[in-house]
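Take a look at the structure below.
As the structure is a prediction and not an experimental result, all values here were calculated from the model.
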Amino acid sequence: YREMWPSFGIECEPTVWDNISIPQYNPMAALALVPDRVTVKNLFTRGSPNMLQNGAMFAYLLCYFLLAAATSGSAVPSGLVVPMMLIGGCIGRMSGNILTS
């Protein structure tokens with residue numbers, strides 16, 4: 001089980017971008033189609049600016065925020081730590097992307 005930027009079984013030649021060699025990936029899939037702990041790890045990774053585009057992060061943030069708000073307001077027992085880390089990580093990564101561009 002590799003906890004990296006997911007390639008989802010697509011075997012392709014690694015793309016070299018700013019001296020970082022990773023397989024081709026979909027930024028939205030790197031947020032939504034991996035376990036939450038991997039998404040948190042991807043959002044809080046240092047040394048990889050602009051690996052996730054702001055548009056993909058904003059779409060994920062909007063959907064995840066609405067689902068987290070609905071879940072926390074219902075009578076279903078669920079945790080709030082990981083959703084708050086994901087929401088804060090998305091906002092922080094988008095802020096960092098905007099400030100460094």
Over all heavy atoms of both residues, which pair between [X] and [Y] is shortest? Give the atoms and the distance, please.
X   : Y   : value
N42 : A30 : ND2-O, 3.6 Å
M57 : N97 : CE-ND2, 3.3 Å
C90 : L61 : CB-CD1, 4.0 Å
L31 : T39 : O-OG1, 2.9 Å

Any non-hydrogen side-chain atom of [X] less than 4.5 Å from a side-chain atom of [Y]?
X   : Y   : answer
L80 : T71 : no
Y60 : L52 : no
M51 : T45 : no
R37 : V82 : no

Check: Which distance, rounded to the nearest 0.5 Å, do you find between the CG of L43 and the CD1 of I91?
Finding: 11.0 Å
Give the cluster check for [X] versus [Y]: same hydrophobic cluster or not, with ILVMFWY residues linked at side-chain heavy-atom distances below 4.5 Å.
X   : Y   : value
L62 : L67 : no
L99 : M94 : no
M85 : F58 : yes

Taking [atom1] in [X] as the centre, count heavy atoms belonging to other residues, nucleotides or ligands within less than 6.0 Å. Is the count above 12?
X   : atom1 : answer
F44 : CZ    : yes
F65 : CZ    : no
M28 : CE    : yes

Notebook entry, point to check: Under the 3.5 angstrom rule, does the side chain of D36 hit a backbone N or O of L86 as a donor-acceptor pair?
Noted result: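 Answer holds: no.
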